[in-house]
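So that the names make sense, note that chain A is the first sequence line, chain B the second, and so on, each numbered from 1.
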Amino acid sequence: MEDPSPLIRQRIEKYEQLKREFNLVHFPNTFRKDTDIETFIALYGTRDAEELAGVKTVHRLAGRIMASRKFGKASFIHFQDSTGRLQAFFEMAKVGERPYELFKKLDIGDIIGLWGAPFKTKTGELSVYVEGFELVTKSYRPLPEKWHGLRDVETRYRQRYVDLIVSPEVRRTFVTRSRIISAIRAYMDERGFLEVETPMMQAIPGGATAKPFRTHHNALDMDLYMRIAPELYLKRLLVGGFEKVYEINRNFRNEGISTRHNPEFTMMEFYHAYADHEDLMRFTEDMISHVAREVLGTTVITYQGQEIDLGAPWARMTLKEAACAVGGVAPEVLEDRAKALSFCSKAGIEVSGGESLGDLQLAIFEKTAEDKLVGPVFITSYPREVSPLSRPNGNDPSVVDRFELYIAGREIANAFSELNDPVDQRSRFEEQVRRKEGPGEVDEDYIRALEYGMPPAAGEGIGIDRLVMLLTDSPSIRDVILFPLLRKGDLP
RNA sequence: GAGCCAGUAGCUCAGUCGGUAGAGCAUCGGACUUUUAAUCCGGUGGUCGAGGGUUCGAGUCCCUCCUGGCUCACCA
């Protein structure tokens with residue numbers, strides 16, 4: 001910033017003056033702590049004042065000053081580190097007259113290192129009886145107001161670092177996010193899945209139908225696409241002989257932004273050879289209920305006021321059953337293209353007229369039933385036309401062996417038995433090209449891979465952000481992504 | 001991309017009918033040895049998102065634009 005506000009100029013000048021006056025090192029990196037606040041509280045939190053009076057152990061702690069109550073010759077501050085928040089007591093008689101003068105000039109937001117023994121105040125709050133301290137990092141910018149915190153959502157997203165400093169619940173959400181992902185990794189690893197990494201930059205953006213982001217490699221003079229899904233690469237690995245693989249990573253889709261969509265989002269995809277979609281339903285309900293227990297200690301969650309039990313087993317319903325039973329659609333509408341078309345126009349579903357019956361069935365399901373599926377529920381038997389990578393059902397070739405998982409009205413996972421017939425796969429790709437869906441060209445190398453033989457398998461994608469939203473009761477995907485995409489722009 | 005709503009001090013917010021821009025917190029100076037949004041006294045701080053228009057006069061009314069939120073569309 002070229003012209004810092006008076007407040008910031010004032011702080012910079014103040015720091016210069018403090019350094020001169022108290023002979024301080026400029027932004028030092030010499031303080032070392034030996035105790036986290038969480039540990040300190042765990043050691044002493046339950047002991048009473050008399051017991052603590054006998055504890056002479058000096059701990060070195062560090063953190064950011066979040067609140068202060070200063071008096072002439074003694075003061076209290078609250079400071080926080082990554083593990084918690086603690087009160088510290090500064091007494092002129094203890095730290096000395098000069099250091100106390102320095103202390104009184106510290107600001108909320110400054111990072112301080114301090115050492116002292118535990119004690120309990122008159123009100124019974126565990127605190128550090130400070131023997132000495134160092135100004136570790138000067139904060140030039142004032143923090144948001146202590147009582148209301150940071151309310152402005154734009155600032156919260158653009159300056160997440162400030163949001164994290166002042167909003168404990170935001171920190172908690174992102175810690176939970178990390179634990180969820182760790183629990184998933186552990187679950188997969190324990191079951192013999194191999195975590196792999198496949199290209200984020202692809203010459204042919206396959207595996208889904210979203211619009212890709214385009215980029216360019218200069219040295220190769222080659223256009224590339226940010227991946228919209230890792231699917232086709234993961235299945236190449238099945239051809240290569242890995243039988244259980246997974247990847248947790250970003251996908252990029254050049255589509256709209258909403259409370260449920262961010263242009264880059266995190267997906268776990270996994271593939272299991274010698275398994276089918278039925279196996280994956282059991283696997284999924286077990287995994288997600290397991291993760292909920294690991295991270296939250298329960299399978300019963302409350303999402304936006306609605307109680308949902310993630311305990312297995314989960315309900316199952318075909319797409320048509322859901323449209324009828326949940327969406328209130330008359331069964332014959334789903335069996336006749338003309339009736340389906342007229343239903344769509346009445347229901348306000350946009351149609352071009354070129355849709356197949358399967359396209360219409362899916363559109364009707366999504367319009368009428370999707371957001372009512374509190375679940376958890378597996379929706380099965382998707383139309384073949386909307387599932388170009390799925391294996392057709394053995395009894396009814398109009399549908400495929402696929403399911404989507406719905407919880408709280410949202411699609412959380414999509415899975416199917418994989419199509420491993422290269423001839424059928426080629427014709428589905430060609431059909432996509434004809435219908436101008438997908439990448440616009442056949443991924444010949446993927447077909448070639450299938451021609452070598454891919455073992456029968458099932459695969460699944462789980463939207464990690466949405467799962468985290470569910471388990472952290474977050475209404476918007478931006479609440480579970482540290483730095484959600486916003487228009488380029490700076491705050492004044 | 002469309003509709004609706006919002007933008008005032010570093011932060012959280014008032015601002016009536018168009019008539020001299022306010023409060024609390026933060027910050028600065030002073031008092032204060034057990035506070036919990038400490039308290040008390042005094043002070044600093046504003047391109048009212050940007051630009052244009054109407055008017056004697058605009059934070060307030062009108063237009064355009066910017067940014068964000070929500071809903072819808074696309075998508076997962």
Trainee: Would you confirm whether the ring centroid of A:Tyr44 sits within less than 6.0 angstrom of the ring centroid of A:His59?
Mentor: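 Judged by ring-centre distance (under 6.0 Å), A:His59 and A:Tyr44 do meet the cut-off.
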
Trainee: Among residues at least two apart in sequence or on other chains, which ones pass salt bridge (Lys or Arg N to Asp or Glu O under 4.0 Å) with A:Asp401?
Mentor: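 For A:Asp401, no residue satisfies salt bridge (Lys or Arg N to Asp or Glu O under 4.0 Å) once neighbours in sequence are set aside.
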
Trainee: When rounded to the nearest Å, what value does the distance between C1' atoms of B:G59 and B:C48 take?
Mentor: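 Per the computed distance, 5 Å lies between those C1' atoms.
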
Trainee: Do any of residues 77-92 of chain A sit with a heavy atom less than 4.0 Å from RNA chain B, and if so which?
Mentor: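 Those residues whose heavy atoms fall under 4.0 Å from RNA chain B, taken from residues 77-92 of chain A in numerical order, are A:His78, A:Gln87, A:Phe89, A:Glu91.
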
Trainee: Could you measure between the two C1' atoms, the one in B:C17 and the one in B:C11, and give it in whole Å?
Mentor: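 It comes out at 31 Å once rounded to the nearest Å.
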
Trainee: Across the strands shown, which category fits A:Gly461 at heavy-atom distances under 4.0 angstrom: base, sugar-phosphate, nothing?
Mentor: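 It contacts nothing in the nucleic acid.
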
Trainee: Have a look at A:Ile412 and say if it touches a base, only the backbone sugar-phosphate, or nothing, with a 4.0 Å heavy-atom cut-off.
Mentor: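 No contact.
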
Trainee: Does a nitrogen or oxygen in the side chain of A:Arg9 sit under 4.0 Å from OP1 or OP2 of B:G45?
Mentor: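 Checking B:G45 against A:Arg9, no side-chain N or O comes under 4.0 Å of OP1 or OP2.
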
Trainee: When you compare B:C13 with B:A6, how far apart are their C1' atoms, in angstrom units rounded to a whole number?
Mentor: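 That atom pair is separated by 14 Å.
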
Trainee: Between A:Phe133 and A:Phe79, does the ring centroid distance fall short of 6.0 Å?
Mentor: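 No, the ring centres sit 6.0 Å or more apart.
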
Trainee: Using the P atom as the reference point in each nucleotide, state the distance between B:C5 and B:U44 in Å, no decimals.
Mentor: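 One P to the other, the span is 39 Å.
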
Trainee: Would you measure the distance from the C1' atom in B:G10 across to the matching atom in B:G3 and give it in whole Å?
Mentor: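 One C1' to the other, the span is 34 Å.
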
Trainee: Under 4.0 Å between a Lys/Arg side-chain N and an Asp/Glu carboxylate O for A:Asp465 and A:Arg177?
Mentor: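 A salt bridge is present here (some side-chain N lies under 4.0 Å from a carboxylate O).
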
Trainee: I'd like to know whether the aromatic ring centres of A:Phe270 and A:Tyr187 sit less than 6.0 Å apart in this structure.
Mentor: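 No, they do not, as the ring centres are separated by 6.0 Å or more.
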
Trainee: Ignoring backbone atoms, establish whether A:Arg158 has a side-chain N or O less than 4.0 Å from OP1 or OP2 of B:G68.
Mentor: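 Answer is yes, contact under 4.0 Å.
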
Trainee: Within this structure, what is the CD1-to-P distance between A:Ile477 and B:C70, rounded to whole angstrom?
Mentor: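 Those two atoms, CD1 and P, are 12 Å apart.
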
Trainee: Under the criterion of centre distance below 5.5 Å and interplanar angle below 30°, is A:Phe71 classified as stacked on the base of B:C32?
Mentor: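 It does not: the two rings, one from A:Phe71 and one from B:C32, miss the stacking criterion.
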
Trainee: Rounded off to whole Å, could you give me the CZ-to-P distance for the A:Arg69 and B:A26 pair?
Mentor: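 Distance check: A:Arg69 CZ to B:A26 P gives 11 Å.
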
Trainee: Rounded to the nearest Å, what distance is computed from the NZ atom of residue A:Lys105 to the P atom of nucleotide B:A26?
Mentor: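 After rounding, the gap between these two atoms is 17 Å.
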
Trainee: When you get a sec, tell me which of B:A76, B:G69, B:U67 is the closest nucleotide to the side chain of A:Arg487?
Mentor: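 Nearest to the side chain of A:Arg487 among the choices is B:U67.
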
Trainee: Taking the P atom in each of B:U67 and B:C74, what is the distance between them to the nearest angstrom?
Mentor: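 That atom pair is separated by 24 Å.
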
Trainee: Base, sugar-phosphate alone, or nothing: which one does A:Asn414 contact when heavy atoms must sit under 4.0 Å apart?
Mentor: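 If one applies the 4.0 Å heavy-atom cut-off, A:Asn414 turns out to touch nothing in the nucleic acid.
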
Trainee: For the P atoms, the ones on B:G68 and on B:U27, what distance do you get once it is rounded to whole angstrom?
Mentor: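 Approximately 31 Å lies between the P atom of B:G68 and that of B:U27.
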
Trainee: Think A:Arg253 has a side-chain N or O under 4.0 angstrom from the OP1 or OP2 of B:A76?
Mentor: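 A:Arg253 to B:A76 OP1/OP2: side-chain N or O found under 4.0 Å.
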
Trainee: Tell me what A:Gly463 touches on the nucleic acid: a base, only sugar-phosphate, or nothing, going by heavy atoms under 4.0 Å.
Mentor: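 No contact.
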
Trainee: Could you measure the distance from the CZ atom of A:Arg236 to the CG atom of A:Leu234? Nearest 0.5 Å is fine.
Mentor: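 Between atom CZ of A:Arg236 and atom CG of A:Leu234 there are 10.0 Å.
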
Trainee: Once you apply a heavy-atom cut-off of 4.0 Å, does A:Thr259 come out as touching a base, just sugar-phosphate, or nothing?
Mentor: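 It contacts sugar-phosphate atoms only.
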
Trainee: Mind checking A:Lys94 for me? I need base, sugar-phosphate or nothing, with any heavy atom below 4.0 Å counting as a touch.
Mentor: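 Touches nothing.
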
Trainee: Of A:Leu143 and A:Gly124, whose nearest nucleotide on RNA chain B comes first from the 5' end?
Mentor: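 It is A:Leu143, whose closest nucleotide lies nearer the 5' terminus.
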
Trainee: Within less than 4.0 Å of OP1 or OP2 of B:C13, is there a side-chain N or O belonging to A:Arg151?
Mentor: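 Affirmative; the distance criterion is met.
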
Trainee: Looking only at side-chain atoms of A:Gln10, point me to the closest of B:A76, B:U12, B:U27.
Mentor: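 Closest of the options to the side chain of A:Gln10: B:U27.
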
Trainee: P atom, B:C25 versus B:A38: distance in rounded Å?
Mentor: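 Pairwise P distance, B:C25 against B:A38, rounds to 10 Å.
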
Trainee: In whole angstrom, what separates A:Asp371's CG from B:A76's C1'?
Mentor: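 One finds 15 Å between C1' of B:A76 and CG of A:Asp371, rounded.
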
Trainee: Return the value, rounded to whole Å, for the distance between atom OH of A:Tyr129 and atom P of B:U35.
Mentor: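 Rounding to the nearest Å, OH of A:Tyr129 and P of B:U35 are 14 Å apart.
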
Trainee: Check this for me: does any side-chain nitrogen of one of A:Arg98 and A:Glu101 sit under 4.0 Å from a carboxylate oxygen of the other?
Mentor: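 Counted as a salt bridge, because a side-chain N and a carboxylate O are separated by less than 4.0 Å.
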
Trainee: Base, sugar-phosphate, or nothing for A:Lys122, non-hydrogen atoms under 4.0 angstrom?
Mentor: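 Since a base atom lies under 4.0 Å of A:Lys122, the category is base.
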
Trainee: Return the orientation label for the A:Phe378 and A:Trp314 ring planes: parallel under 30°, perpendicular over 60°, tilted otherwise.
Mentor: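 Geometry flag for A:Trp314 against A:Phe378: tilted rings.
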
Trainee: A quick test of your reading: do over 12 heavy atoms of other residues, nucleotides or ligands sit less than 6.0 Å from CD of A:Gln304?
Mentor: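 Result for CD/A:Gln304: enclosed.
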
Trainee: What is the distance, to the nearest angstrom, from the CD1 atom on A:Ile65 to the P atom on B:U27?
Mentor: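 Between P of B:U27 and CD1 of A:Ile65: 10 Å.
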
Trainee: From CG of A:Leu7 over to C1' of B:U44, roughly how many Å is that when rounded to an integer?
Mentor: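 A:Leu7 atom CG is separated from B:U44 atom C1' by 9 Å.
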
Trainee: Are the side chain of A:Arg227 and the backbone of A:Arg250 linked by a donor-acceptor contact shorter than 3.5 Å?
Mentor: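 Pair found, side chain donor or acceptor close to backbone of A:Arg250.
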
Trainee: Can you tell me how far P of B:G45 sits from CD of A:Glu145, to the nearest Å?
Mentor: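 After rounding, the reported distance stands at 21 Å.
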
Trainee: Measure from the ring centre of A:Phe265 to the centre of the six-membered ring in the base of B:A76, then say whether that distance is under 5.5 Å and the planes meet at under 30°.
Mentor: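 The base of B:A76 is stacked with A:Phe265 (centres under 5.5 Å, planes under 30°).
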
Trainee: Return whichever of A:Arg466 or A:Lys70 has its heavy-atom-nearest nucleotide of RNA chain B closer to the 5' end.
Mentor: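 It is A:Lys70 whose nearest nucleotide is closer to the 5' end.
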
